[in-house]
Structures are given as C-alpha cells and as structure tokens.
There are 2 protein chains.
Amino acid sequence: MTQSREEDRRGRSAAAAIVDAAFRLFNEFGYDETSVDDIAAAAGVSRSSFFRLFGSKEMVIFPDHDAILAAVEERLAASTEKSAILAVSDAVRVVLFHYIAEGPLARRRYQLTSTVPALRERELISGSRYQQLFRQYISAWGDGSEESERRGELMAAGVVAAHNRVLRRWLREECEDPHLEIDEAMAQVNALFTPAPVPAPVAPGAIVVVRTDQDLAAVAEQLRSM
Amino acid sequence: MTQSREEDRRGRSAAAAIVDAAFRLFNEFGYDETSVDDIAAAAGVSRSSFFRLFGSKEMVIFPDHDAILAAVEERLAASTEKSAILAVSDAVRVVLFHYIAEGPLARRRYQLTSTVPALRERELISGSRYQQLFRQYISAWGDGSEESERRGELMAAGVVAAHNRVLRRWLREECEDPHLEIDEAMAQVNALFTPAPVPAPVAPGAIVVVRTDQDLAAVAEQLRSM
DNA sequence: CAATGGATGATACTCAGTTTCATGACCGAG
DNA sequence: CTCGGTCATGAAACTGAGTATCATCCATTG
C-alpha cells in the first residue's frame with residue numbers, strides 16, 4: 001500500500017486535487033473554455049496523470065458510476081422472483097441515496113450537466129446502463145414470452161424514470177423528503193406493474209368484485225373491450 | 001433553387017455521395033478506423049464540405065432525426081386530452097415506420113450502432129429527446145399534481161421503451177409483422193396507464209363487477225390493501 | 001461584360017485522447 | 001550498500017475531430 005509522496009505530503013490524493021480544480025475552473029470559466037491542460041496545471045499534476053486517472057475530461061464529473069452500478073447489480077443479484085419488487089425498490093434507493101449523500105457536490109454536478117450538453121448526454125448514457133441492468137433482471141424473473149419481455153423493458157424504463165424524477169427534484173431543491181418521494185414513486189411504479197398485465201389462466205366465467213375509482217363510463221368501456 | 005453543378009452532372013447530391021461512401025468505408029474498415037478525410041476523399045468532396053453538410057462524423061449515420069422529431073411533435077400537437085392515447089400511439093408509429101421505410105439502410109445503421117459505442121450513445125441521446133417530447137405532452141394533459149407528472153414521465157419512458165423494443169426486433173429480423181407488434185406493445189402500454197392510477201372521486205360504496213385474470217389469492221391481497 | 005452571392009476548397013489552428021519513452025522513487029535480494 | 005525490478009509520474013510527439021478564415025469558382029442578374 002504505497003501512497004504517492006505528494007499525497008503523503010499534502011494530505012490528499014492527486015485525484016481529489018484534480019476534481020477540486022476541475023469543478024472550480026468549470027464554475028469560473030465554463031466547461032468548454034477549460035482545457036485539460038488548465039485543470040492539470042491548476043491541480044499541480046501533468047496532463048498525462050490526468051488522463052491516466054480519469055480517462056477523459058467528462059469523467060472528472062462522474063467519478064464512481066461503475067461502483068454504483070456494481071452496488072445495484074449486487075442488490076439485484078441477491079434476490080429471486082419472490083422478493084423482486086423489494087429488490088428493485090432497494091436497488092433504486094441505493095442509487096438515489098448515493099447521490100444524495102454527496103450533497104453539495106451532486107448539486108454542483110447538476111448545475112454543470114444542466115448547462116453543458118455534452119455532460120447531460122454523458123449522464124443520459126449512464127442512466128441507460130442502469131435501465132439495461134434493471135431490464136435484464138426483471139426480464140429474467142418473468143417467463144420468456146414477448147409480453148413478459150416487454151413488461152420487463154417497460155418496468156425498467158419506469159423504474160429509472162421514477163428515480164430520475166425524484167433525484168432531479170432533490171437536486172433542484174424542490175423535494176422536501178426524498179425518502180417519502182421515492183417511496184411514493186416506487187409505489188406508483190409497483191402499482192402499475194404488479195397487477196397481472198398478461199391474460200393468464202383463470203376459471204372461465206369467474207366473477208370478481210373489486211372497488212374502482214373509475215367512473216361508470218370508463219368501466220363500461222373496459223367491459224366492452226373484453 | 002440552384003443545385004450544385006456536381007449534383008446536376010452526376011445525378012445525385014454530394015450529401016448522398018458522402019453517406020454512401022461513409023457506410024461503405026465503415027463497413028469495410030470499421031468506424032474508428034475510418035477518418036473524415038477518408039470519407040470526404042472517397043465521396044469526392046473536401047473535408048470542409050463534409051463538416052458543412054453533416055456537422056460531425058456521427059451525424060452521417062443519423063441524417064434526419066430532427067425531421068422525425070418535428071413530425072412527432074406535429075402529431076402530438078394536433079391533439080387534446082380527449083384523443084391523447086390515439087395521438088401517442090400515432091406518433092410512435094410515425095417514428096417506427098419511418099425507420100422501417102428505410103429498409104436495408106436502417107439495418108446497416110443498426111449494425112453500426114450495435115458495434116460502435118459512440119454511435120450507440122448518440123442513438124440513445126436522440127431517443128431521450130423523443131421521450132422528453134412525449135413527457136412534455138403527456139404531462140400537459142394531466143392536472144399538475146406530482147403524481148400526474150410522475151405518470152407522464154413513466155408513460156413517456158414506457159412509450160419509448162415499447163417503440164425501441166419493436167424497432168430493435170424488426171432490425172434484428174426477429175419481427176414478422178411490425179404493425180401487429182407495435183399494436184400489441186402500445187396496447188400493453190395503454191393498458192398499464194389508462195386505468196386511473198390515482199384515487200379519484202367515486203361514489204363511496206360503489207361496487208363494480210369486472211373480469212380479472214388474477215387468481216383468488218392476488219385478488220384477496222388487493223382487496224386487503226384497499 | 002461586370003458585379004454579386006452562394007457554394008466550395010485549402011489551410012491553419014485548438015484541443016481531446018493515445019502512445020512512447022525517460023526519470024525517479026521505493027523495495028526486496030544479494 | 002548496491003543492483004535490479006516495479007510502479008507512478010512526467011515529457012513529448014502524434015492522430016484525428018471540429019472550427020475559423022480566406023480565396024476561388026461559377027451561375028445568375030443587371
């Protein structure tokens with residue numbers, strides 16, 4: 001476990017210095033106006049080290065997406081069809097509260113991603129990787145039918161959309177209680193997807209009585225289309 | 001209406017020549033291995049003209065996203081809350097059948113986007129613009145409540161996911177009849193989102209009889225949670 | 001014919017990202 | 001202590017995308 005001498009001397013890693021310098025310069029001069037050389041110089045490292053540590057200019061902003069993705073996968077993998085809904089809800093919370101735990105840093109990042117198209121796009125890409133992961137697991141829990149696959153795809157999209165909405169509201173400080181809102185949002189998603197959407201075996205002629213919030217016209221329309 | 005002399009002479013626009021050359025070179029040598037200079041040279045135009053016409057290397061692959069987006073917006077704008085579901089279904093079909101009408105070209109593009117990360121990402125970006133557009137209109141049709149906004153976001157995500165699934169299946173030639181599949185997929189989305197997801201005014205104590213495919217245990221569970 | 005304007009091409013520039021090589025600190029073995 | 005190896009860093013050159021500038025050419029118009 002050999003830490004760099006610079007790190008020992010200054011008490012922080014070169015990576016942290018780079019991130020600091022990057023956010024500061026982006027804030028002051030703008031993303032496009034700040035070159036990698038500027039960042040490296042301000043952080044007291046070489047251009048080479050910058051790319052060795054972060055791979056690209058965009059990645060200074062999004063440090064640990066891979067780690068979060070791994071955490072999500074871990075949570076989803078530790079589940080079966082039985083506990084699927086719970087697993088999905090938990091996994092979403094893993095992501096959400098990771099960002100919330102970042103606090104002001106997450107908000108500074110949001111300010112950048114709202115402003116700079118390239119960064120917004122980068123964020124979209126990572127979001128789609130979450131969606132892909134969710135889809136993969138949700139699909140695996142279903143039978144292989146096309147309708148079930150579609151359900152997996154729709155639900156994954158819904159889960160990510162719900163998460164994004166709550167996160168974005170929190171980032172914009174429009175959200176009092178993220179715990180409450182993510183609970184509500186996930187409840188809404190679950191309500192959408194838990195009632196069996198697929199015609200499944202049932203005794204023909206069976207009659208079931210349920211309460212509904214729809215008015216009579218809507219109910220009549222549904223009955224007619226059956 | 002002055003067409004270029006090259007165009008007159010060769011009977012095709014410089015843009016078409018560039019697209020042809022690009023796809024051919026990408027196929028033969030790969031996307032990353034083909035430089036813009038190579039494409040321009042093969043198409044018999046200058047590097048300058050390439051960027052003037054397409055703006056970026058990626059845009060040779062995705063020519064008319066803006067046009068499709070405008071068509072979608074037009075279809076959505078020509079609608080009210082009453083015909084909302086129909087408008088959304090129609091708008092989705094506009095996109096889907098535009099790609100299907102491209103035929104082999106769409107499949108060549110798919111082969112590239114499956115292979116080259118940068119292009120897959122670019123495609124994702126444009127997909128998110130559709131989603132954003134759908135969300136905007138669907139949200140406008142609801143009341144302004146947070147739950148209604150979430151519903152708009154979820155439904156937009158679902159609509160785009162459903163479209164993407166059908167398109168991808170068609171591109172992979174896994175899809176016999178795209179008309180049928182998009183009908184099914186949109187029916188699934190509509191089934192998900194048309195039953196009022198929000199507790200709404202209804203005469204207390206009203207009883208409605210509907211047929212369901214759920215088994216008794218599931219129904220009992222639903223009743224218990226009401 | 002001369003003037004104008006729009007499209008094209010040539011050139012030079014910035015900057016992100018890659019590759020290669022040199023340096024220098026640390027560590028274990030002799 | 002010294003040699004040899006490894007690893008982190010830095011320096012420098014290179015490729016290629018995208019931008020900006022300027023000259024040119026050709027068709028139209030007066």
Side-chain angles (χ1 to χ4, degrees), chain A residues 1-19 21-23 25-26 28-63 112-113 116-123 125, chain B residues 1-19 21-23 25-26 28-63 112 116-122 125:
Chain A
M1 165 73 67
T2 298
Q3 290 195 322
S4 95
R5 22 240 152 270
E6 294 297 316
E7 184 172 342
D8 288 343
R9 184 161 57 77
R10 296 190 306 199
R12 62 175 184 174
S13 72
I18 291 175
V19 170
F23 271 92
L25 293 175
F26 290 162
E28 186 167 3
F29 302 105
Y31 181 80
D32 290 326
E33 288 68 28
T34 304
S35 73
V36 171
D37 294 87
D38 296 337
I39 302 172
V45 299
S46 73
R47 199 180 126 81
S48 303
S49 291
F50 178 94
F51 283 108
R52 204 171 292 126
L53 284 168
F54 292 95
S56 82
K57 187 181 173 186
E58 292 167 351
M59 279 310 148
V60 188
I61 314 291
F62 310 104
L112 284 174
T113 55
V116 184
L119 296 179
R120 185 199 295 276
E121 293 171 2
R122 176 56 47 197
E123 203 173 37
I125 307 299
Chain B
M1 165 74 65
T2 298
Q3 288 194 323
S4 96
R5 26 248 149 263
E6 294 296 317
E7 185 172 344
D8 289 342
R9 184 162 58 77
R10 295 189 307 196
R12 61 174 186 178
S13 70
I18 291 175
V19 171
F23 271 93
L25 293 175
F26 291 163
E28 186 167 4
F29 302 106
Y31 181 80
D32 290 325
E33 288 69 27
T34 304
S35 75
V36 171
D37 294 270
D38 296 337
I39 302 172
V45 298
S46 73
R47 200 180 124 84
S48 302
S49 291
F50 178 95
F51 282 109
R52 218 186 321 265
L53 285 167
F54 292 95
S56 82
K57 186 180 174 186
E58 292 167 351
M59 279 311 148
V60 188
I61 313 292
F62 309 105
L112 284 173
V116 184
L119 296 180
R120 184 199 297 275
E121 292 171 2
R122 176 56 49 195
I125 307 300

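So you know, we letter chains A, B, ... as the sequences are listed, proteins then strands, and number each from 1. What you are looking at is a predicted structure, and each value in this text was computed from that prediction instead of being measured.
Residues satisfying the ring pair (Phe, Tyr, Trp, His ring centres under 6.0 Å) criterion with F51(B), sequence neighbours excluded, are absent altogether. Residues passing the side chain to side chain donor-acceptor pair (under 3.5 Å) test with T34(B), sequence neighbours excluded: none.
Residue pairs meeting the salt bridge (Lys or Arg N to Asp or Glu O under 4.0 Å) criterion with at least one partner in residues 28-45 of chain A, sequence neighbours excluded, are D37(A)-R47(A). Among residues at least two apart or in separate chains, side-chain hydrogen bond (donor to acceptor under 3.5 Å, both in side chains) pairs with a member in residues 51-63 of chain B are E58(B)-R122(B).
To the nearest 0.5 Å, atoms CG (L112(A)) and CZ (F62(A)) are separated by 8.5 Å. Rounded to the nearest 0.5 Å, atoms CZ (F26(B)) and CD1 (I39(B)) are 3.5 Å apart.
Near-neighbour residues of DNA chain C inside residues 30-41 of chain A, defined by a heavy atom below 4.0 Å, number-ordered: T34(A), S35(A), V36(A). Listed in residue order, the members of residues 47-61 of chain B having a heavy atom less than 4.0 Å from DNA chain D are R47(B), F51(B), G55(B), S56(B), K57(B).
Put simply, CG on L119(A) is 12 Å from P on dA16(C), counting in whole angstrom units.
Pairing each heavy atom of V60(A) with each of F23(A), the nearest pair is O-CE1, 4.2 Å. Closest of all the heavy-atom pairs between L53(A) and A14(A) is CD1-CB, 4.4 Å.
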